[in-house]
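Keep in mind that the numbers below use all heavy atoms, side chains included, and drop hydrogens, waters and symmetry copies. For clarity, every value in this text was computed on a predicted model and none was experimentally measured.
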Amino acid sequence: MEVRNNYINGRWQASVSGATREVINPSNGEVIALVTDSVAEDSKQAIAAARHAFDHDGSWRRMAGPKRADMLLRIADAIAARADELAVMDTLDNGKPLREARCDVDDAVACFRYYAGLITKPQGGVYEVSDGFGPMHAYSMHEPVGVCALITPWNYPLLMATWKLAPALAAGNCVVFKPSEVTPLSAVALFEIFDAVGLPAGTANLVLGSGPAAGQELAASHDVDMITFTGSTRTGQTIAAAAVGNLKKVGLELGGKSPNIIFADADLEGAVEWAMIGVFFNQGEVCSAGSRILIEASIKDRFVARLAERANAMTIAPGMKDADMGAIVSAAQLEKVLGHIERAKQQGATLVCGGERYVEGDCANGYFVRPTIFDNCTRDMDIVREEVFGPVVAIQTFTTEAEAIAMANDTPYGLAGGVFTSDGARALRVVKEVRAGVTWINCYNPTFNEAPWGGYKMSGYGRDLGVNGLLEYQQVKQVSINLQPGLVGWYPQRG
Ligand code: NDP
């Protein structure tokens with residue numbers, strides 16, 4: 001089997017470790033590819049290449065914005081041209097249904113196009129400043145941060161890569177990218193595209209390997225100016241601690257335990273459908289998953305019965321069969337999800353449906369879990385407090401708006417939240433009180449390249465996407481100009 005390698009300084013090369021790692025199809029447990037298994041030395045080489053490209057070559061950061069935009073548009077076109085192949089790759093690698101992988105590819109194309117457009121728009125400002133030093137004029141300009149390290153998880157392999165690579169490159173940075181060791185294949189394809197469109201050597205570097213072996217160096221290196229990470233809160237803390245050494249810029253998009261608040265006056269059928277998308281889409285492996293449903297007590301029984309009916313009707317199959325739900329990403333994640341389910345049972349939550357591994361038909365050797373609903377959950381239960389990252393939802397009830405808000409905020413996380421009600425003023429009141437970075441009214445989980453994405457509290461800091469997503473990868477420089485040659489006055493002696 002051919003081994004997929006690192007891409008450093010414009011060349012494909014194996015890790016200095018000489019080791020390889022198997023990539024597993026979670027739908028059947030079979031090996032689908034081999035990738036090189038990097039260590040810290042590989043990351044050092046990639047950082048050195050990016051450092052050289054940024055500091056000495058400088059061709060990418062000096063390239064005029066519209067030319068960089070052209071390059072990003074060519075990348076978008078090349079992704080679109082390989083859309084079917086990339087969707088299949090992510091489906092086989094991650095386990096998700098093919099149609100969801102196709103949406104990810106479409107979003108990735110749109111993301112590169114969005115940042116290609118954005119980088120050509122006006123940036124910075126012009127300022128009226130005081131004349132204490134004589135007549136002066138000031139403006140600000142946006143510059144790339146420098147060498148940016150990007151680390152992503154396995155739940156949206158191509159899309160998470162794109163959310164970081166597109167704005168980082170648009171801004172003129174040089175990057176080192178480490179995808180999850182579990183789902184590295186579409187990242188390799190993306191770098192084939194970078195190679196084909198002719199990004200200058202060293203501008204974008206790929207390191208394939210585990211977090212502790214290859215990723216940690218990216219966080220700790222003093223030659224890296226910025227690290228952005230999407231993944232678990234615990235790893236985010238490790239990365240932030242390692243990044244302190246040179247005070248590099250840090251962006252963290254971390255976990256969540258997001259509340260989906262449903263009032264009795266909501267359109268019940270619509271709320272059920274959105275709640276399904278909220279927690280079962282992508283097998284529930286979504287950082288923003290609405291994994292805590294807070295429902296007004298008077299409609300709880302009707303809502304839960306309908307949700308269970310819909311969950312039980314979901315088809316489960318290997319991603320290529322395009323059912324409603326595919327496989328959990330890995331054997332380790334399957335064990336983790338099943339462990340959460342067992343603990344919820346032990347701690348007294350009422351299992352409404354699911355609650356077990358799914359092994360029927362051609363799912364026998366894969367890592368599938370039935371969509372699972374737990375009712376009568378209380379705030380002390382792990383299922384209410386901990387991120388599962390699987391198709392498991394906890395139901396709690398409330399009776400007043402104030403109680404709903406208090407329950408929604410009763411979590412160390414603050415990534416997302418939803419509210420369903422036909423009372424517009426209440427929707428706005430509740431959303432204003434929910435301490436989370438992404439909120440939805442009468443819908444759950446739609447995400448847009450144009451709008452900022454990121455968390456409050458222990459869900460991290462910094463933003464992906466939108467204008468904010470570009471700003472993350474930029475420094476702002478102030479330039480002040482003396483409009484009258486010479487020193488006109490000295491401030492302390494003025495007047
Ligand atoms: P991690 O947060 O550990 O992994 C995410 C990325 O970070 C991967 O590329 C990983 O590498 C890398 N990484 C791990 N350790 C380090 C380190 N010390 N330094 C630098 N990079 C590192 O998530 P897991 O894959 O282990 O999943 C565990 C849990 O995290 C899930 O069950 C879920 O609860 C949560 N999670 C949350 C996500 C989110 O979007 N909020 C996404 C994914 C997971 P590698 O995996 O290759 O070793």
Can you find a heavy atom in the side chain of I24 that is under 4.5 Å from one in the side chain of Y367? yes
Please, which pairs that meet side chain to side chain donor-acceptor pair (under 3.5 Å) have at least one residue in residues 252-261, sequence neighbours excluded? E253-W453
Does R310 come within less than 4.0 Å of E273, counting only side-chain N to carboxylate O? yes
Within the distance-only criterion (no hydrogens, no angle test), does the side chain of R292 pair as donor or acceptor with the backbone N or O of M407 below 3.5 angstrom? yes
Close side-chain approach of T91 to P318, heavy-atom, < 4.5 Å: no
Do you know the tightest heavy-atom contact between F368 and A327? CE2-N, 3.4 Å
Hits for ring pair (Phe, Tyr, Trp, His ring centres under 6.0 Å) against F389, two or more places apart or cross-chain, chain-then-number order -> W154
If you look at every heavy atom in S288 and A416, which pair is closest and at what distance? CB-CB, 3.8 Å
Using atom types as modelled and distance alone, determine if a side-chain donor or acceptor of T421 lies under 3.5 Å from a backbone N or O of A427. no
Is the backbone of D324 close enough, under 3.5 Å, to the side chain of T315 for a donor and an acceptor to pair up by distance? yes
With a 6.0 Å cut-off (strictly less than), is the heavy-atom count around CZ of R429, excluding the residue itself, greater than 12? yes
One should read off an interatomic distance between Q396 CD and N376 CG, to the nearest 0.5 angstrom, of 10.5 Å
Evaluate side-chain hydrogen bond (donor to acceptor under 3.5 Å, both in side chains) for Q123 paired with Q474, printing each intermediate quantity in order. CA-CA 11 Å; Q123 300 177 57; Q474 293 179 317; 2.7 Å; yes
Non-neighbouring partners of E335 that pass side-chain hydrogen bond (donor to acceptor under 3.5 Å, both in side chains), sequence neighbours left out: none
Taking side-chain hydrogen bond (donor to acceptor under 3.5 Å, both in side chains) as the test, write out the residues that go with K336, two or more places apart. none
Test: R113 and D77 ion pair at under 4.0 Å: yes
Does NZ in K457 sit with more than 12 non-hydrogen atoms of other residues, nucleotides or ligands closer than 6.0 Å? yes
Is it true that, when you exclude E403 itself, more than 12 heavy atoms of the residues, nucleotides or ligands shown sit nearer than 6.0 Å to its CD? yes
Any non-hydrogen side-chain atom of V419 less than 4.5 Å from a side-chain atom of V434? no
Any salt bridge between R4 and E192, counting N to O under 4.0 Å? no
Any carboxylate oxygen within less than 4.0 angstrom of a Lys/Arg side-chain nitrogen, looking at E269 and R306? yes
Candidate pair S38 and K178, rule side-chain hydrogen bond (donor to acceptor under 3.5 Å, both in side chains), full reasoning: CA-CA 10 Å; S38 304; K178 193 204 86 64; over 6 Å; no
Look at R102 together with D84 and state whether they make a salt bridge at an N to O cut-off of under 4.0 Å. yes
Just verifying a value: how many Å separate I395 CD1 and L307 CG, rounded to the nearest 0.5 Å? 5.5 Å
Count the heavy atoms belonging to other residues, nucleotides or ligands that lie under 6.0 Å from NZ of K432, then report whether that count exceeds 12. no
To the nearest 0.5 angstrom, please state how far the CG atom of D107 sits from the CZ atom of F448. 10.0 Å
Compare all side-chain heavy atoms of P184 with those of V23 and state whether any distance is below 4.5 angstrom. yes
Hey, does the side chain of R357 reach the backbone of G366 with a donor-acceptor pair shorter than 3.5 angstrom? yes
Where V329 and Q333 come nearest, the two heavy atoms and their spacing: CG1-CB, 3.9 Å
Are there over 12 heavy-atom neighbours, none belonging to M276, within less than 6.0 Å of that residue's CE? yes
Holding to ring pair (Phe, Tyr, Trp, His ring centres under 6.0 Å), I want the full list of residues that pass it with F263, two or more places apart in sequence or in another chain. F398
Taken to the nearest 0.5 Å, the spacing of T230 OG1 from Y156 OH works out to 12.5 Å
How long is the straight-line distance from CG of L150 back to CZ of F177, given to the nearest 0.5 Å? 7.0 Å
Got R385 and P412 here, is their nearest side-chain heavy-atom distance under 4.5 Å? yes
Side chains of D380 and T378: do they bring a donor and an acceptor to under 3.5 Å? yes
Intermediate values then yes/no, side-chain hydrogen bond (donor to acceptor under 3.5 Å, both in side chains), D90 and S186: CA-CA 6 Å; D90 267 4; S186 54; 2.7 Å; yes
Residue pairs involving residues 294-347 (criterion ring-ring contact (aromatic ring centres under 6.0 Å, His included); sequence neighbours excluded): none
Non-hydrogen side-chain atoms of Y461 and V250 separated by less than 4.5 Å: yes
What one should report as the nearest heavy-atom pair of S43 and L218 is CB-CD2, 3.9 Å
Is a donor on one side and an acceptor on the other found under 3.5 Å between the side chain of S221 and the backbone of E217? no
Has R426 got more than 12 heavy atoms of other residues, nucleotides or ligands less than 6.0 Å from its CZ? yes
R99 atom CZ: more than 12 heavy-atom contacts under 6.0 Å: yes
Side-chain donor-acceptor contact under 3.5 Å, D37 with S210: no
Could you walk me through whether T228 and Y473 pass side-chain hydrogen bond (donor to acceptor under 3.5 Å, both in side chains), step by step? CA-CA 9 Å; T228 69; Y473 295 96; 3.2 Å; yes
Within this structure, what is the OG-NZ distance for the pair S27 and K96, rounded to the nearest 0.5 Å? 12.5 Å
